[in-house]
Amino acid sequence: MARYRDGLKVATCLFEAAAWHRTVKVICRCGHFGLFHPHGIWWHFHRRGWDDNFGAAREKFWCRECARRLGKRIRPKGIDLVDAPPQITLTLPDEREWKRIVNRFRG
């Protein structure tokens, strides 16, 4: 459920990011980041039955650069929503499935 900060809605999960068409920015402690297409990353989590709240989702991401350099998976320091174009696009849900989910969310 969206929260409010300074009178504005703030998304709390990947579904809200997708519904509001905001790019998901995953930021590592080392400074690297990934910009994910919101619908693709939400669909990835939804198909696997993973919790899409930002806190729980953070545990599913890891930095490839840190993994290559250090030999272990390093979790990101945070997830942000931005208006920049996405760099990483995963498989998108078909339009009928997306509309069904959105209608269920509104109802």
Rounded distance [0.5 Å steps], [atom1] in [X] versus [atom2] in [Y]:
| X | Y | atom1 | atom2 | result |
| --- | --- | --- | --- | --- |
| Thr12 | Phe54 | OG1 | CZ | 7.0 Å |
| Leu90 | Trp43 | CG | CH2 | 12.5 Å |
| His46 | Ile41 | NE2 | CD1 | 14.0 Å |

Practice task
Report whether Leu14 and Ile101 are members of the same hydrophobic cluster (ILVMFWY, side-chain heavy atoms less than 4.5 Å apart, transitive linking).
Solution key: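 Yes: a chain of side-chain contacts under 4.5 Å links Leu14 to Ile101.
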Exercise for the section: Would you kindly confirm whether Phe15 and Leu35 end up in one hydrophobic cluster when ILVMFWY residues are joined by side chain heavy atoms under 4.5 Å apart? Expected result: no
Problem - ring pair (Phe, Tyr, Trp, His ring centres under 6.0 Å) against His39, all qualifying residues, sequence neighbours excluded - result: His21, His37, Trp98
Counterpart residues, side-chain contact (heavy atoms from CB on, under 4.5 Å), relative to [X] (two or more places apart):
| X | result |
| --- | --- |
| Arg64 | Trp62 |
| Lys60 | Phe45, Trp50 |
| Arg68 | Glu65 |

Problem - Any side-chain heavy-atom pair of Cys13 and Trp42 under 4.5 Å - result: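 No - every pair of side-chain heavy atoms lies 4.5 Å or more apart.
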Exercise for the section: Determine whether Thr23 and Phe36 make a side-chain contact, defined as any pair of heavy atoms from C-beta on separated by less than 4.5 Å. Expected result: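 No - every pair of side-chain heavy atoms lies 4.5 Å or more apart.
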Using residues 73-85 as the side-chain source, report each donor-acceptor pair under 3.5 Å to any protein atom, sequence neighbours left out, with the distance given to one decimal.
| unit_1 | atom_1 | unit_2 | atom_2 | d |
| --- | --- | --- | --- | --- |
| Arg75 | NE | Glu59 | O | 3.3 |
| Arg75 | NH1 | Glu59 | O | 3.2 |
| Arg75 | NH1 | Phe61 | O | 2.9 |
| Asp83 | OD1 | Arg22 | NE | 2.8 |

Exercise for the section: Check side-chain hydrogen bond (donor to acceptor under 3.5 Å, both in side chains) between Arg100 and all other residues, then give those that pass, not counting sequence neighbours. Expected result: Glu97
Problem - Counterpart residues, side-chain hydrogen bond (donor to acceptor under 3.5 Å, both in side chains), relative to Arg48 (two or more places apart) - result: His44
Exercise for the section: May I have all residue pairs that pass salt bridge (charged side-chain N to carboxylate O under 4.0 Å, His left out) and include part of residues 24-36, sequence neighbours excluded? Expected result: none
Practice task
Locate the shortest heavy-atom distance separating Ala11 from Ala17; write the atom from each residue and the value.
Solution key: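 Here Ala11 and Ala17 meet closest at CB-N, 4.2 Å.
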Practice task
Could you tell me whether the side chain of Asn53 and the main chain of Gly55 form a donor-acceptor pair under 3.5 Å?
Solution key: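 Between the backbone of Gly55 and the side chain of Asn53 there is no qualifying donor-acceptor contact (under 3.5 Å).
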